[in-house]
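Read through the structure below, which is laid out as structure tokens, and then see the notes.
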Amino acid sequence: MGRNKFSATEIKEIAKLLRLKNEGNRAKQKLIRHQLRVDYEFNISDFNEPGKAFGEAELQKAIDRGAILILDDATIADMKAKRARDKARDKALREQEAIASGEVTDWQEALREWEQWTEGSDNHQEQQ
């Protein structure tokens with residue numbers, strides 16, 4: 001599930017992308033859907049009826065029925081910042097859990113060990 005809260009500016013940009021999507025060929029449509037998901041966290045499947053095209057008219061209907069909310073730019077910026085902090089925190093927790101379970105190697109620790117070993121190697125060579 002993506003976002004359902006957008007600024008008026010974002011809605012204008014999303015509407016433009018939806019118009020381009022409906023005018024484009026299959027490859028262009030795929031690129032635009034990707035752009036909507038990545039740049040705006042907008043998933044058409046969150047708002048459309050399965051099997052039906054989703055364009056500007058359907059976007060407006062989703063806004064009218066309250067499925068999509070339009071908020072001010074400052075609120076959207078704060079929301080995006082919080083989502084970014086939450087994603088970073090969740091990623092760090094997943095990495096810590098994977099390291100603790102032995103699922104992955106702690107590469108930072110491995111690098112420290114390598115640097116200690118190579119320093120010891122250099123010191124040993126200097127003594128000879």
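Predicted model only: the values in this text are computed from it and were never measured.
Side chain of N25 to main chain of A27: a donor-acceptor pair is present (N/O by atom type, distance under 3.5 Å, no hydrogens or angles). A donor-acceptor pair is defined here as one N or O able to donate and one able to accept, closer than 3.5 Å; no such pair exists between the side chain of E97 and the backbone of R94. Looking at E56, its side chain never comes within 3.5 Å of a backbone N or O of R19 through a donor-acceptor pair. In this structure, N48 contributes its side chain and P50 its backbone to no donor-acceptor pair below 3.5 Å.
Between D86 and K82 there is a salt bridge, since at least one side-chain N of the basic residue sits less than 4.0 Å from a carboxylate O of the acidic one. Salt-bridge check for D64 with K61: failed, with every basic side-chain N at 4.0 Å or more from each acidic carboxylate O. For K80 and E41, the salt-bridge test fails: no basic side-chain N is under 4.0 Å from an acidic carboxylate O. Looking at E13 and K16, no side-chain N of the basic residue comes within less than 4.0 Å of a carboxylate O on the acidic one, giving no salt bridge.
Atom CD of E49 is surrounded by 12 or fewer heavy atoms from other residues, nucleotides or ligands within 6.0 Å. The environment of CD in E115 is crowded: more than 12 heavy-atom neighbours from other residues, nucleotides or ligands sit within 6.0 Å. Residue-environment remark: CZ (R89) exceeds the threshold of 12 foreign heavy atoms within 6.0 Å.
A pairwise comparison of heavy atoms in L59 and I11 identifies CD2-O, 4.0 Å as the closest pair. Minimum interatomic distance between N22 and F54 (heavy atoms only, all atoms of both residues): ND2-O, 3.5 Å.
Of the inter-residue distances, the one linking L111 atom CG with W107 atom CH2 reads 10.5 Å to the nearest 0.5 angstrom. To the nearest 0.5 Å, the span separating CG on L36 from CG on L18 amounts to 5.5 Å. Separating the NZ atom in K91 from the CD atom in Q96 is a distance of 12.5 Å, to the nearest 0.5 Å. The CD atom of Q60 sits 11.0 Å away from atom CD of E58, with the distance rounded to the nearest 0.5 Å. Note: K28 NZ to K21 NZ = 12.5 Å, rounded to the nearest 0.5 Å. Here the CD atom belonging to E10 is positioned 10.0 Å from the CG atom belonging to D39, to the nearest 0.5 angstrom.
Follow the hydrophobic side-chain contacts under 4.5 Å out from Y40 and you reach I32 in the same cluster. At a threshold of 4.5 Å between side-chain heavy atoms, the hydrophobic network of Ile, Leu, Val, Met, Phe, Trp and Tyr places L20 and I44 in one connected group. Linking ILVMFWY side-chain heavy atoms closer than 4.5 Å, directly or via other members, places M79 and F42 in two distinct hydrophobic clusters.
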Can I get a per-line list of side-chain donor-acceptor pairs under 3.5 Å for residues 65-73, giving both atom names and the distance, sequence neighbours left out?
residue	atom	partner	partner atom	Å
R65	NH2	F47	O	2.8
D72	OD1	T75	OG1	2.7
D72	OD2	A74	N	3.2
D72	OD2	T75	N	3.0
D72	OD2	T75	OG1	3.1
D73	OD1	S7	OG	3.4

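Between R3 and N43, every side-chain heavy-atom pair lies at or beyond the 4.5 Å cut-off.
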